[in-house]
Every structure is written in C-alpha cells, then in structure tokens.
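Following: one structure in structure tokens, then a few remarks.
Excluded from the calculations below are hydrogen atoms, water molecules and symmetry mates; all remaining heavy atoms, backbone and side chain alike, are included. To find a chain, count down the sequence lines: A is the first, B the second, and so on, and within it residues start at 1.
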Amino acid sequence: MGIEGVGARVARKEDKRFITGAGRYVDDMVVPGMKHAAFVRSPHAHAQIKKIDVKKAQAMPGVIGVLTGKELKADGIGNLICGWMIHSKDGSPMKMGAWSPLAVDKVRYVGDAVVIVVAETKGQARDAAEAVEITYKELKAVVDATKALEKGAPQLHPEAESNLIFDWEIGDAKATDAAIKAAAHVTRMKIVNNRLVPNAMEPRAALGHYDKAEDHYTCWTTSQNPHVARLVMSAFYNIAPENKLRVIAPDVGGGFGSKIYIYPEEIVCLWASKKTGVPVKWVADRTESFLSDAHGRDHVSTVEMAFDKNNRITGLKVDTIANLGAYMSLFSSCVPTYLYATLLSGQYDIPAIHANVRTVYTNTAPVDAYRGAGRPEATYLLERTMEAAARELGVSPAELRRTNFITSFPHQTPVIMNYDAGDYAASLDAATKASDYAGFAKRKAAAAKKGLLRGIGMSCYIEACGIAPSAAVGSLGAGVGLWESAEVRVNAVGTIEVLTGSHSHGQGHETTFAQLVNERFGVPIDSVSIVHGDTDKVQMGMGTYGSRSGAVGMSAIVKALDKVEAKAKKIAAHLLEADEGDIVIENGALKVAGTDKNIPWFQMALAAYTAHNLPGGMEPGLKETAFYDPSNFTFPAGCYICEVEIDPETGTTEIVQFVAADDFGNIINPMIVEGQVHGGIAQGIGQALLEGAHYDASGQLLTASYMDYTMPRADDLPSFKVSTSNTPCPSNPLGIKGCGEAGAIGSPPAVINAITDAIGITDIAMPASPSTVWAAIRAATKH
Amino acid sequence: MYSVNYHRATSVADAAKLVKSGDAKLLSGGMTLIPAMKTRLAAPSDLVDLSRIKELQGVKVSGKTVTIGAATTHYDVANDEKLKKACPALAHMASLIGDPAVRHRGTIGGSIANNDPAADYPAALLALGATIVTNKREIGADKFFKGLFETALKDGEIITAVSFSAPAKAAYEKFRNPASRYAIVGVFVAKGKDGVSVAVTGAGDDGVFRSKEIEAALVKNFAASALDGVKVPAKNLMTDIHASAEYRANLIAVMAKRAVAAANV
C-alpha cells in the first residue's frame with residue numbers, strides 16, 4: 001500500500017468543491033433560454049378529477065405553457081412502470097395500476113402531480129400554478145396497508161382487487177409448520193417497521209432541454225443511475241430513442257435510494273420542453289420532497305421462531321404486509337420480496353423458513369428502496385425476535401446468537417442466498433469486548449442510583465450487497481441486468497481517466513476509484529480522473545445502490561485495468577527488449593524484474609500514442625473497456641451493540657454507547673468506510689428514535705416539514721466506536737463486500753433491544769420518541 | 001413568496017403611519033412571518049420593519065425594574081450583563097430560543113406579538129407579571145396573551161417595550177419537541193413580592209397559562225420536593241403527534257420541579 005494506494009486513509013478529492021460550495025448540482029445548471037416549472041399537485045389523498053381549467057393560469061404574467069395529463073397522453077408519453085416482475089403464489093403476475101406522469105382522471109395521494117406550469121421565473125410559475133382551477137370529487141382514502149386489505153376499503157386501482165398487488169411466498173411452508181409444531185419453544189412477535197422519508201440534502205430536480213435542430217433531448221437530473229433513467233425513458237415512456245436522449249446526473253447531494261427511480265417530473269420536463277420550445281427546469285422544494293420522494297420501509301409482520309430444547313432455531317415463519325403507496329415505483333416490488341425475505345436466515349443456521357408477503361396499494365406516497373431496502377426490515381424482524389427469544393428462554397442474547405451462528409462456508413440458506421464467507425463470532429467477540437458487555441450490570445446499577453434506566457441491546461445483521469448476478473436476478477423477475485461497466489483511458493502523457501457506470505452522490509468514488517489505479521500503476525491520484533454520470537461519456541452503466549459500487553463497479557474497473565496492464569507490459573517489453581513476462585510495474589515505472597532496466601509509465605503511454613515503435617500488429621493507443629457481472633451477492637455482516645439511559649420522568653433516551661463491529665471484506669479507504677458506517681448508524685438511530693412519516697386518516701402527511709419530521713442531529717448521537725474484522729469476499733477480484741447500508745441495517749434493532757431491556761418490556765414502537773417511551777414506562781409500571 | 005413592499009421604519013411614529021398602508025404587517029425579526037411568507041401561507045402587501053428603530057432597542061435596569069425594548073434580539077437579552085444580574089432566569093431563557101441565527105434576528109416584541117403557543121417568552125412574561133407597553137397603552141401580561149396566536153393588540157398597535165419587577169427567584173425549564181425543538185412544555189417559575197407564579201407554554205389548548213396546582217403547592221413551600229406527587233390535570237392540554245395531553249401534564253410537573261430546583265440554586 002502506497003500513501004495513495006489501496007488501504008490508505010486518503011482525504012476525499014471531491015470534498016474541496018463540496019465544502020467550498022463549488023459543487024455543481026442540477027439547480028446550478030443554466031441553459032440559454034431556460035424557463036422554470038411548477039407542478040400543481042393534488043391536495044387530496046384520493047379524488048376524481050372532474051375538470052381542469054387552465055385559462056386563468058395561462059393568462060398570468062410570464063406564463064409560457066400550462067400542460068395537463070390529457071395532452072401528455074395524446075403525445076404518447078407512457079405510464080410509469082415497476083421494473084421487477086413478481087408473481088403471486090397462485091402464478092398470477094403482480095397487479096400494476098396505471099401511473100400517468102400527470103394524473104388524468106384520478107389522484108391517489110397528496111402530492112400526485114396533475115398539471116405543469118412553465119413560466120419565465122419560478123415565482124411566476126408558482127403564481128400561475130395557484131391559478132389553475134381543478135374540480136375534484138373527493139373519495140374515501142386509506143393509508144394503512146392492513147386496513148386497505150379489508151373488505152369495503154377504498155379501492156385505488158381497478159387492476160388490483162382489494163388493493164392487493166401480489167401475494168407472494170418463499171421457502172417451505174410445510175417443513176416450517178412442522179418445525180413450529182415440534183418445537184420446545186416458540187417465540188411470537190408482531191413487528192412494525194415504520195415508514196421513513198429519505199430526506200436527501202439536495203431535493204430532486206430536473207432540467208429538460210429539447211433541441212429542435214438536432215431533434216435531441218438532454219435531461220439533467222438528480223439520479224443515482226442516469227443510464228437506467230435513459231433506458232426507461234426511452235423504452236417505456238416514449239420520450240425519445242436512446243441515441244436522441246442524453247441523461248446527465250451531475251453532482252448529486254445524497255440519494256439513499258430515493259434517486260434511483262424515474263419520477264414523473266423529469267419525464268414531464270422533457271416533454272414540456274418540446275411542447276413549449278424552451279428548456280424547462282424544476283427544482284423541488286422541501287415540502288414537495290416530503291410529499292413525493294419515494295418513502296421507505298412501512299412493513300407490518302408477524303413472526304414465529306421455533307427452538308429445540310438446545311435453543312437451536314428449527315424454523316422461522318413470517319407473514320408480512322408491505323405498504324407500497326399509491327403507485328408501484330420502479331423497484332418497489334423487489335424490496336419486500338427478494339431484498340427482504342431472502343435475508344430472513346440472518347447469521348443463523350435455520351433449517352426451515354417460510355415467508356409470505358402481501359404488497360398493498362394505499363393513498364400514500366409510493367414506497368421503494370431506502371438505504372438497506374428490505375434488509376433493514378429483515379434484520380429488524382429477526383434481531384428483535386432473537387432478543388425476545390433470549391429473554392423468554394432465559395439465556396444471554398449473545399449466547400443465543402452464538403449457539404445459532406452459521407460457522408461453515410459456503411452456506412446455502414433455505415431462502416435462495418448462498419453465503420460465501422464470514423466469521424460472525426469474530427464480530428460478536430469484537431463488539432462485546434469493545435462495549436464491555438460483561439460489565440453492563442455494574443453500569444446499570446450505577447445508572448439506577450441516578451434514577452436512570454439503563455439497557456443494552458445487540459443486533460447481529462447480515463445483508464446481501466454487490467447487487468447482483470444478472471442471470472440470477474433475471475430469473476427472479478428483474479427487468480435489467482445488474483453488472484457494471486468501466487473504461488480506462490490512459491492519455492498520451494500517462495494521466496488516466498476512468499469512466500464508470502457507478503454514480504457518486506456522496507460515496508467518494510473520485511477518491512477510492514483513483515486509489516485503485518494508483519495501487520496498480522503508481523500514478524498519483526491527482527493524475528487520475530473519475531468520469532461518471534453522463535450517458536454521452538460513459539457507454540452504459542447500472543448506477544449506484546445496494547452497496548454495489550465497490551463490489552461490482554470497482555471489479556469492472558479491475559478488469560479494464562487488467563487489460564491496460566497487459567498491453568502496457570507488451571509495449572514496455574518491446575521497448576526494453578525483454579520478455580513480457582518479466583515486466584513488473586513499480587513506483588510509476590515498468591521494469592524488467594531483477595534488473596535496473598525500466599521505462600517510466602508516461603513514456604510507455606507516449607509510445608502507445610506516437611506508435612513509432614510498437615510490437616508488430618499492435619493497435620496504437622491505450623484504452624480498454626470491461627463489463628463485470630458478479631457471480632454472487634456479497635454478504636457484509638456484523639454485530640452492533642447499543643447502550644441507552646432513559647430518564648423515566650420524561651421518557652428521554654440517551655444513547656450512551658454505540659459499538660459497531662463490521663465485516664466488509666477488503667477495504668480501499670478505511671476513512672471513507674468509517675464515514676459510511678457513521679452515516680448509516682445515524683440513519684438507523686434516526687429510524688429507531690426520531691423519524692417516522694405520519695399520515696392522518698384522510699391521507700394528509702402530518703410530518704411534511706422539519707417542524708414535525710425529526711431528522712437526527714449531532715446532539716442526538718454519541719461518538720461511535722467502530723471497528724472491522726474482515727473476511728475477504730471470494731467472489732470478486734478485490735474481495736470487497738460493501739459498506740454503504742450496513743449502519744442503517746444493523747442499528748435499529750440494537751437501539752430498540754436496548755430500550756426494551758431498560759424498561760423491561762417486550763416491544764415498543766419506532767420511533768421510540770420520549771412520549772412513546774414515557775407511555776411505555778407508565779404502562780409497564782401500572783401492571 | 002409573493003411580492004411584497006418592504007418599508008424600514010425610522011421611528012415608532014413612522015411605523016405607525018406605514019402600517020396603515022394596504023394589508024401591512026409589522027416585521028420584528030420575522031422568524032415566524034418570513035418562513036410563512038416563503039411557503040405562501042402568509043401574503044401581506046407591505047412589511048414594516050421595526051428592527052432598526054433605535055428607541056426600541058436595549059435592556060434597561062433601574063433598581064428592581066427591568067425594561068426591555070421590543071426590538072431587542074434574543075441574543076442581546078441573553079447576553080445583557082445587567083439583566084443577567086437582575087433576572088438571570090430570563091437571560092437564560094432567551095439563550096434557549098431557537099438557534100444562533102434565530103437569536104440574532106428574533107426579538108422579544110416579535111415573539112410576544114406572534115404569541116406562538118410553543119414560544120418561550122409568553123411563559124416568562126406571564127410568570128413575571130410583566131407589563132407590555134405599546135404606542136397606545138400598557139397591558140398586563142395576564143390580559144395580553146389571549147389564545148393561540150392571539151393577543152390584546154389592536155390593528156396597527158405597536159409594542160414598544162416590556163417591563164417587570166425582578167423576582168427574588170426564577171427559572172425556566174423546557175422540554176423540546178424533538179423535531180422543531182420548540183417547547184412541548186416550558187415552565188417558568190417566579191417567586192416575587194406578589195407570591196409564586198408558574199406559567200406554562202407549549203402545552204395549553206389555548207396557549208400560555210398559569211398552573212394553579214403547581215402554584216398552590218409552591219406557595220406553601222418553594223422547594224422542588226413540594227411538587228412530589230402533585231398532579232397536573234390533562235384537561236385543556238394539547239394532544240398532537242408528538243405528545244399526548246397526559247404526557248404534557250406529566251412534563252409540566254417534571255419541568256416545574258426542575259425549574260424550582262434551578263431557581264433555588
């Protein structure tokens with residue numbers, strides 16, 4: 001490892017522009033003649049559109065166009081789709097209701113886009129938006145997924161009877177039922193996973209530009225995967241063929257999943273640009289973000305966990321209802337199925353598992369992947385149940401887990417996943433040691449003297465990252481492959497551009513990807529530029545989510561680097577009159593091993609481009625492309641331990657210690673990895689203690705601003721104790737597992753386990769706000 | 001935000017004249033009004049800015065009497081050396097409002113004229129038995145705060161100062177809403193020559209109020225232990241997604257106890 005190579009704590013190259021306010025986001029983009037858009041959104045959760053009158057709005061100052069869904073339909077713009085087909089257990093395909101980018105006959109949630117107004121200024125667009133007169137006939141709304149399934153509930157889509165999208169299962173029902181029947185002990189829980197609003201720092205935005213002369217569209221958008229956006233907008237929404245549509249995702253200020261999907265606004269801005277003849281920019285305000293960004297989580301489950309007399313788990317039965325909101329967002333169907341139920345084995349050797357999942361339409365914002373996507377829901381369910389089981393069985397939570405750990409690899413679970421490597425006991429040991437688990441009783445007694453309730457809770461999580469082998473996901477219903485591409489261009493003076501289909505929206509790719517090149521060729525990272533986020537520059541890519549940029553994106557780069565290295569060595573061998581096999585790359589030069597004969601890297605590159613003296617038959621230039629398709633998921637895992645002190649008078653929970661011991665496989669930049677863990681834990685603690693989207697019965701979002709939706713602040717969080725004990729991933733060339741989601745996956749159950757331990761109760765709802773905790777303490781002491 | 005005419009008043013008389021134009025609103029910090037205008041929930045035709053009027057600035061302490069100009073910022077109240085001696089509880093309370101940006105812009109007059117049911121100043125002024133001075137008259141705090149965002153102010157009437165007699169002992173404790181960090185419950189206790197007064201913000205269905213139960217217990221014995229077992233009724237307290245009326249009732253007793261303990265230090 002050099003000072004800029006793999007494993008080095010290199011400061012992030014991109015931070016200079018971010019921390020000096022010089023980042024370039026969609027809202028910073030200016031195109032000559034550009035105008036501004038505002039959307040008229042439904043104020044009702046469920047209503048028929050009786051009439052839309054745009055006359056008054058059209059006459060307002062500065063207004064260029066006021067466009068409706070009817071005109072959009074007439075121009076052949078397609079409905080939004082969900083790109084992952086799930087079949088119900090009866091074999092029928094999922095019931096996808098129509099989602100028009102601008103609502104035509106009906107609105108189905110508060111925030112549903114109905115009309116776009118384009119005007120000279122943002123203010124004028126908003127003024128005119130208020131002048132659009134829409135006559136609605138209000139319908140009864142339903143926001144709760146369980147209630148939406150009940151007889152007589154309001155119906156959202158004619159395609160989905162009883163609002164049921166699919167009724168899916170995985171695993172062996174018979175074997176699981178038999179295990180429960182024969183069990184020495186069964187732990188039963190009802191588990192609720194609260195709905196979250198993603199809250200990326202940068203709100204969503206789109207700038208659509210139709211160039212009439214070229215008959216070509218450009219879309220600047222806040223996307224985690226611009227190529228997927230182009231593909232979907234070409235293939236399904238009929239914006240334009242791919243060669244006539246360029247999608248650019250410049251600096252993007254956080255996504256957490258919410259910017260994977262293609263939303264109505266970018267489609268409508270592109271269409272409106274052609275319709276009005278001007279480039280059209282829209283930037284969401286924070287209220288629009290709360291209302292219309294795809295939300296996360298929102299599961300209600302029952303679980304039965306069966307044990308034999310030796311406290312070994314013999315079966316796990318899960319029944320889940322997942323709220324998908326008013327429409328099926330792009331990947332919504334795979335989150336509560338293949339990203340959730342396939343992880344229900346956790347770190348444990350469970351012989352029989354069965355999960356049934358019903359997904360449901362409600363009059364709420366669409367729900368899709370949010371940091372962790374399905375895996376936090378699986379981990380929360382499993383780790384809350386393990387903790388409850390340990391208490392019921394009267395054994396230490398750590399020991400119950402240890403008893404059930406998978407210890408030999410590869411391990412085939414009953415729910416598809418084949419774990420390739422791991423050492424769960426190592427993480428548990430590291431976490432119990434770092435948290436002084438053994439000394440807890442003493443600390444609890446000391447807290448009691450101060451009148452505080454102290455509790456400790458743990459969570460042993462596993463997740464599946466490095467998403468994903470294309471053929472495997474294809475067989476499970478994915479509409480796309482999940483490989484990644486890379487291109488490595490060595491310039492004539494030896495500097496390097498790496499083009500990648502991964503997209504960085506906070507992950508630090510410009511640094512870590514350059515470190516990889518530095519490790520290989522000795523070129524300083526300042527001479528390595530990472531190019532991403534533009535479909536005209538990068539040929540194709542699948543983007544960033546599911547902690548895939550390291551395991552999949554960098555593996556593609558490695559493959560391209562392999563090709564570059566092979567050609568560079570050929571050139572050097574030719575110039576040095578040596579055998580190709582004897583060439584090694586050291587300290588920025590290509591050397592003949594064991595001699596002082598060498599040629600500097602830049603000179604070799606120059607030779608490739610002057611082409612004055614290349615091996616016979618070799619093409620000039622030095623540029624290679626590679627696609628990498630993973631052969632398996634990767635399986636990061638770890639153990640988190642949280643310790644809390646609760647003030648029983650007010651219900652305030654203070655996290656007094658938080659320990660994370662992770663296994664991420666090999667690590668490129670430990671500082672960036674720690675940053676990912678810190679951010680993930682902050683989000684997980686946010687879910688457990690602070691955050692929760694709350695709709696009232698009529699479908700109004702009560703938590704639609706920071707006055708009511710609690711984001712984690714620095715003073716809500718302790719200083720985290722993080723460490724890693726790594727087992728390299730055997731399936732990719734770098735041995736990387738991924739670290740982007742772990743914190744958000746592992747932490748919520750650890751926090752809730754600590755709180756329930758402190759109070760001496762079985763369950764508490766998330767977010768465990770002071771009022772919720774106080775009420776729980778009061779209820780516990782009454783009985 | 002809709003377009004608006006901005007006027008910077010040079011004197012109270014000037015402001016009184018300007019506020020008659022159109023559908024004008026007085027601006028004194030704008031920590032509530034400006035966000036409401038930005039989200040298009042408020043749309044005054046004119047804004048009359050009071051914040052630069054000299055005569056409305058600053059804290060005066062003369063003997064036991066404290067007078068605070070209406071346009072004095074929370075920061076200046078929190079950091080006034082004379083006030084810190086005369087009534088440290090009020091200076092401390094001001095230091096707990098919002099964040100540094102809010103404390104440098106927001107003013108005492110702006111806060112009480114708005115009378116947000118979760119604002120801090122109304123509790124302090126009610127407990128201190130303060131007098132609100134306007135360009136027309138003087139109003140007792142008990143008559144001034146009328147309900148949610150309601151005060152005794154008439155159209156165009158301008159608060160110029162508040163004054164009160166410094167209490168022997170006082171303290172303020174607040175329990176913050178986890179999201180907004182406004183008070184879910186804020187309790188200001190004061191022990192002065194007229195007895196014990198305890199005012200509660202953030203909790204009342206009808207805004208700031210005095211807690212009879214707490215006062216009754218403290219009149220006998222101004223000690224935290226006097227509040228052991230004292231129950232505050234949940235009737236007429238707010239219930240929202242952050243806190244039930246019962247929880248607020250509990251917090252009133254807890255915060256009062258902590259405030260009394262702080263006042264006795």
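Between B:Arg40 and A:Gly123, the shortest heavy-atom contact is NH2-O, 3.4 Å.
Salt bridge absent: A:Arg778 and B:Glu246 never bring a charged side-chain N and a carboxylate O closer than 4.0 Å. A salt bridge does not link B:Arg176 to A:Asp715: none of the charged side-chain nitrogens sits closer than 4.0 Å to a carboxylate oxygen.
In this structure, chain A has a heavy atom under 4.5 Å from the side chain of B:Met255, while its backbone stays farther away. Proximity to chain A is absent for every atom of B:Arg248, based on heavy atoms less than 4.5 angstrom apart. Both the backbone and the side chain of A:Pro770 come within less than 4.5 Å of a heavy atom of chain B. Heavy atoms of A:Glu691 lying under 4.5 Å from chain B are absent altogether.
Residues A:Thr703 and B:His242 have side chains not in contact (no heavy-atom distance under 4.5 Å, counting atoms from C-beta outward).
Heavy atoms from other residues, nucleotides or ligands lying under 6.0 Å from CZ of B:Phe209 number more than 12. Shown here is A:Lys147, whose NZ atom has no more than 12 heavy atoms of other residues, nucleotides or ligands within 6.0 Å. Remark: B:Lys84 NZ is packed, more than 12 non-hydrogen atoms of other residues, nucleotides or ligands lying under 6.0 Å away.
Atoms CG and OG, from B:Asn177 and A:Ser769 in turn, are 9.5 Å apart once rounded to the nearest 0.5 Å. Taken from CZ in A:Arg713 to CZ in B:Arg181, the straight-line distance is 4.0 Å, to the nearest 0.5 Å.
The most heavy-atom pairs under 4.5 Å with chain B, out of A:Met711, A:His694, A:Arg126, A:Arg286, come from A:Arg126. Comparing B:Ile241, B:Val185, B:Ile184, B:Asn250 by how many heavy-atom pairs each has under 4.5 Å with chain A, the most go to B:Asn250.
Partner of B:Pro178 under the side-chain contact (heavy atoms from CB on, under 4.5 Å) criterion, chosen from A:Asp708, A:Thr652, A:Thr710, A:Leu689: A:Thr710.
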*Given side chain to side chain contact (heavy atoms under 4.5 Å, CB included), test A:Thr650 with B:Arg258 step by step and report yes or no.*
CA-CA 12 Å; A:Thr650 63; B:Arg258 292 179 187 184; 3.8 Å; yes
